[in-house]
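Just below is one structure, and these are the notes that go with it.
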Amino acid sequence: MVELLAPAGNVESLDAAIGEGADAVYLGLKSFNARMRTTNFAWNQFEAAVESLHRQHKKVYVTVNTVCEERETERLYRFLSYLKEVGPDGLIVQDYAVMRLAQEFFPDMELHASTQMNVESTAAVRLLQKNGVKRVVLARELGLEEIKKIKQETGAELEVFVHGALCVSESGLCLFSSFLGGKSANRGMCAQACRRFYTAEVPGGIKQGYYFSPCDFELIDYIPALIEAGVDSFKIEGRMKSAEYVGSVVAAYRYVIDHYKEDKKGAIATGKRILSSDFARSKTTYWYGFENQSEGVEKAGELILNPDQAGGTGLYLGKIAGTKPAEKGLVEAIRAAANPDTPPEQLRIQMAYLKGGTYEPDPGDSIRIHKKDDTGRMSHKIRTVEFDEKSDRRWIDIPSGFTTGDEVYLLQYKANTKRYPHVLPNDIGRYRKQPKDEMLPILDVTPVAQKELDYFPDGLYIQVSSISDLFAVQGMNPVRVILEYNNETSYDLLNHKTVLPFSKKQLYISFDPFCSSSQEDKLSAELTTLIDDGYINFVANNLAHIQLIKQAAKQTKVNVIAGPYLYTFNRWAVSWLENQGLGAFIMPYENSRRNLEATWEPNVRSRVLVPVFAYPALFRMRFKLPSDYDFTYFEDKEEKVFKVNSTPDGSFVMPEEPFSIVDKASYIKQAGFKKILIDFSKTKVTRGQIKAITTSMIKGQPLPGISRFNWKDGFYSPQQIEEYKAANERRAQNAQGKGKGKKRR
């Protein structure tokens with residue numbers, strides 16, 4: 001029987017999911033999960049949930065689906081040890097480090113590869129199966145036939161998303177939020193750049209819209225076909241959604257799963273009626289229904305993007321036009337009536353009135369509030385409404401922390417709400433397990449053997465996206481060049497159209513980080529041709545590439561480097577990739593100097609190629625943009641400029657200002673990282689650009705109009721900010737105490 005898997009962003013959503021018949025839930029704790037902005041579960045709540053759900057023969061999966069910096073690996077180890085003790089049914093993971101730690105210390109823990117791991121092919125699934133992964137959560141950018149192919153060829157346990165919000169970028173590959181200020185989607189801190197309002201330069205003027213805000217996924221029509229295809233688990237997105245939303249969506253899919261055999265058309269119609277109260281965005285089936293890859297690339301953009309669709313979820317109620325403190329009696333009454341597990345932020349309320357909407361919310365309605373700067377959002381159930389006849393204002397209670405200009409959306413009418421039995425017991429005081437102060441054994445990256453890296457010499461590497469740019473960068477005298485494998489370059493290489501300016505020994509071929517099941521057979525055949533032609537150096541950016549290159553090479557010795565999209569933010573992830581046969585690595589674009597040096601000890605820094613210049617792809621989309629997206633440049637409300645490139649290989653959004661630490665090249669080499677990369681991918685190389693970069697490198701002067709990305713400041717970390725604030729408060733208190741002591745004397 002197929003599993004219906006529901007989100008549990010908080011205790012209320014857990015109750016709704018189980019109350020409506022979910023077979024399993026997935027949830028996060030306070031760290032290492034990709035929804036850090038939702039409430040998540042406290043230690044005792046989680047322990048109680050696992051025990052209660054197991055008593056009901058339900059399953060619970062824990063999201064450990066973010067990448068981890070080197071300094072966090074000991075905390076990760078303690079967290080995994082704690083999870084092992086509590087005993088959830090599986091861990092949903094992204095970082096290879098979690099797999100490596102589990103293999104070493106927790107071999108009995110069941111691992112599920114997260115959609116953030118960017119798995120969409122038979123080859124990648126097979127590699128994970130070999131490494132003990134029990135279930136794979138496939139990327140959301142796949143169609144029915146592609147899923148069928150993976151199931152038929154691997155027999156793997158597969159989980160697919162069937163309902164909820166979509167990312168416009170391919171799974172696990174979005175860098176936009178991180179580029180804007182270190183709030184990495186790969187760290188659970190996504191600021192949702194895709195939902196923002198942009199201004200574009202179009203012929204004849206400017207045009208505004210939510211150009212990259214995707215519709216929501218809804219596959220209720222395809223449930224019977226997916227069951228017949230052998231999918232094992234249907235996943236509903238929504239750990240940041242209300243309990244009412246979770247309940248109605250679970251109820252709809254539960255009904256179709258249970259009744260489609262007796263009356264497929266009627267079951268789907270009933271399911272859709274249940275979903276009619278879902279005030280989310282307009283719906284899409286995305287990649288379902290296309291005959292082939294080419295048709296999907298051409299048409300999927302029209303199905304997923306709607307520039308007139310606001311970034312918010314729900315029926316628009318307007319903006320907060322004013323706030324005032326809530327009466328003390330109301331605050332006390334709300335606190336007295338609240339469940340013991342109600343998050344503190346839901347108890348700190350104020351009153352607000354709204355302007356600009358077409359519906360006035362009532363007590364019992366569920367709303368969602370979005371901060372105007374997109375730094376936060378929260379679901380809330382209205383408890384009271386006050387009407388001031390003098391000012392003609394209607395005041396509702398909202399959580400504190402929101403202010404004038406923040407937007408409010410209706411998620412659910414009171415009439416659609418239900419009360420569900422509580423999963424957690426009333427008293428959870430007896431649940432006291434927490435991570436312990438355990439020491440993580442030291443792991444050293446494998447020392448470099450003599451002549452091991454002959455194919456990977458020290459010096460300057462340059463990456464380009466076209467054959468013509470290979471000629472353009474000759475004068476920079478790189479020791480190696482990396483050529484992106486795309487529609488244009490693959491045709492040239494396979495058909496020997498051009499005599500290249502570099503030898504095959506000097507050339508690396510780099511593959512796109514998205515490798516779907518409909519593309520892998522073609523890529524496998526082309527790899528065989530390339531290797532037979534004498535190309536032996538490759539850059540893998542997807543787990544599938546590792547497997548496909550091994551198969552194509554047969555008895556030929558080839559060299560494979562882990563590209564920047566095989567994320568190596570810690571040495572445990574490095575070690576896992578080493579075990580797959582990779583010995584050289586390109587630093588992820590999101591990385592910081594501090595974390596790079598912490599991960600790689602001086603004696604192994606020869607394994608690493610450090611990007612010092614790039615226009616990193618912030619969004620990577622599997623489709624061409626709609627035909628009316630007649631622009632190249634667009635800007636956000638802070639007037640930051642970006643450019644978009646729509647090609648047969650998909651669409652790519654890049655910053656107008658490049659990432660550059662070219663002026664730091666000398667320091668980087670002195671630190672032992674003697675391989676540096678200038679990445680011209682997705683751009684046209686110019687003489688002026690080459691001259692400016694060369695001058696910056698020689699003189700150690702920064703290029704104008706650049707971004708340092710996360711090189712200096714690292715990832716945004718709420719925990720670090722809180723620690724910093726606490727340290728400042730302690731210093732202030734100490735200084736105050738010393739001052740008082742002096743007065744007493």
Side-chain angles (χ1 to χ4, degrees), residues 2-5 115 118-122 124-125 136-154 156 158-173 194 212-238 249 252-257 260 264-265 267-272 274-275 278 280-306 309 514-521 620-626 650-651:
V2 69
E3 175 185 87
L4 181 57
L5 177 57
T115 189
N118 184 28
V119 177
E120 55 271 334
S121 64
T122 293
V125 171
V136 175
V137 187
L138 293 176
R140 283 167 283 191
E141 299 79 26
L142 294 180
L144 178 61
E145 295 304 315
E146 294 176 311
I147 293 169
K148 277 184 186 177
K149 179 177 182 289
I150 294 171
K151 185 66 177 183
Q152 289 167 359
E153 294 178 352
T154 68
L158 300 181
E159 179 178 307
V160 300
F161 280 91
V162 294
H163 197 93
L166 284 170
C167 299
V168 74
S169 186
E170 293 161 348
S171 298
L173 301 178
C194 56
F212 303 99
S213 181
C215 300
D216 280 1
F217 217 18
E218 184 178 286
L219 292 183
I220 199 157
D221 289 289
Y222 285 90
I223 291 302
L226 286 165
I227 292 174
E228 290 164 9
V231 171
D232 299 276
S233 180
F234 293 148
K235 188 171 199 169
I236 296 165
E237 183 277 336
V249 176
Y253 283 85
R254 179 79 274 161
Y255 190 88
V256 175
I257 291 168
Y260 83 95
K264 181 166 39 172
K265 188 175 180 180
I268 291 171
T270 299
K272 287 183 173 179
I274 297 171
L275 289 175
D278 171 9
R281 305 171 188 93
S282 55
K283 302 300 186 288
T284 181
T285 57
Y286 195 10
W287 210 266
Y288 285 68
F290 298 125
E291 290 186 8
N292 52 49
Q293 158 82 5
S294 298
E295 185 183 7
V297 169
E298 291 291 334
K299 297 181 179 179
E302 303 277 356
L303 295 181
I304 188 176
L305 295 177
N306 177 5
Q309 176 173 257
F514 190 85
C515 181
S516 74
S517 60
S518 63
Q519 298 167 295
E520 64 179 327
D521 292 340
R620 307 181 75 97
M621 295 164 276
R622 198 187 170 187
F623 49 81
K624 285 184 178 179
L625 293 178
S651 301

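Position 1 is the first residue of the sequence; numbering continues from there.
- Distance check: Ile220 CD1 to Ile257 CD1 gives 9.0 Å after rounding to the nearest 0.5 Å.
- Judged as a ring pair (Phe, Tyr, Trp, His ring centres under 6.0 Å), and not counting sequence neighbours, Phe234 has no contacts.
- For the pair Val119 and Ile150, the minimum side-chain heavy-atom distance is 4.5 Å or more.
- Taking the side chain as every heavy atom from C-beta outward, Leu275 and Val249 approach each other to under 4.5 Å.
- Heavy atoms only, all atoms of each residue included: Val256 and Gly271 are closest at CG2-CA, 4.1 Å.
- Judged by distance alone, with hydrogens and angles left aside, the side-chain atoms of Ser651 form a donor-acceptor pair with the main-chain N or O of Phe623 at under 3.5 Å.
- Taking both residues in full, the closest heavy atoms of Ser233 and Leu5 are given as OG-CB, 3.6 Å, listed atom of the first, atom of the second, then distance.
- Of the candidates Gln293, Glu120, Lys149, Ser518 forms a side-chain contact (heavy atoms from CB on, under 4.5 Å) with just one, namely Gln293.
- Here Thr270 pairs with Tyr255, Arg273, Ile274 under the side chain to side chain contact (heavy atoms under 4.5 Å, CB included) rule; sequence neighbours left out.
- Distance check, rounded to the nearest 0.5 Å: CZ of Phe212 to CD1 of Ile304 gives 12.0 Å.
- Not a single salt bridge (Lys or Arg N to Asp or Glu O under 4.0 Å) links Glu170 to another residue, sequence neighbours left out.
- In this structure Gln152 satisfies the side chain to side chain contact (heavy atoms under 4.5 Å, CB included) test together with Lys148, sequence neighbours excluded.
- By the side chain to side chain contact (heavy atoms under 4.5 Å, CB included) test, Lys151 is found to be paired with Leu158, Asp232, residues two or more places apart in sequence or in another chain being considered.
- Side-chain contact between Phe514 and Glu141 is present, with at least one heavy-atom pair separated by less than 4.5 Å.
- Contact detail for Ser121 and Ser516: the closest heavy-atom pair is CB-C, 4.0 Å.
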Mind running side-chain contact (heavy atoms from CB on, under 4.5 Å) on Trp287 and Val297 for me, showing each step along the way?
CA-CA 9 Å; Trp287 210 266; Val297 169; 4.2 Å; yes

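- Listed by chain and residue number, Asp221 satisfy the side-chain hydrogen bond (donor to acceptor under 3.5 Å, both in side chains) test with Lys272 (two or more places apart in sequence, or in another chain).
- Nearest approach of Val162 to Ile223, heavy atoms of both residues: CG1-CD1, 4.0 Å.
- Atom NZ of residue Lys283 and atom CG of residue Leu219 lie 12.0 Å apart, to the nearest 0.5 angstrom.
- For Tyr253, the side-chain hydrogen bond (donor to acceptor under 3.5 Å, both in side chains) partners at least two apart in sequence or on another chain are His163.
- With sequence neighbours excluded, the residues satisfying salt bridge (Lys or Arg N to Asp or Glu O under 4.0 Å) with Lys299 are Glu295.
- Legend: residues meeting side chain to side chain contact (heavy atoms under 4.5 Å, CB included) with Leu303, ordered by chain and number and at least two apart, are Thr284, Phe290.
- Contact of the Val137 side chain with the Phe161 side chain is registered, since non-hydrogen atoms from C-beta on lie closer than 4.5 Å.
- With contacts defined as side-chain heavy-atom distances shorter than 4.5 Å, the pair Asn118/Leu173 qualifies.
- Rounded to the nearest 0.5 Å, atoms CG (Leu166) and SG (Cys215) are 8.5 Å apart.
- Ala225 and Leu144 make their closest contact through CB-CD2, 3.8 Å (heavy atoms, listed as atom of the first residue, atom of the second, distance).
- Qualifying ring pair (Phe, Tyr, Trp, His ring centres under 6.0 Å) partners for Tyr222, counting only residues two or more places apart in sequence or in other chains: Tyr288.
- Checked against salt bridge (Lys or Arg N to Asp or Glu O under 4.0 Å), Glu146 has the following partners two or more places apart in sequence or in another chain: Arg622.
- Listed by chain and residue number, nothing satisfies the salt bridge (Lys or Arg N to Asp or Glu O under 4.0 Å) test with Glu302 (two or more places apart in sequence, or in another chain).
- In terms of heavy-atom proximity, Thr115 sits nearest to Ser171 at O-CB, 3.2 Å.
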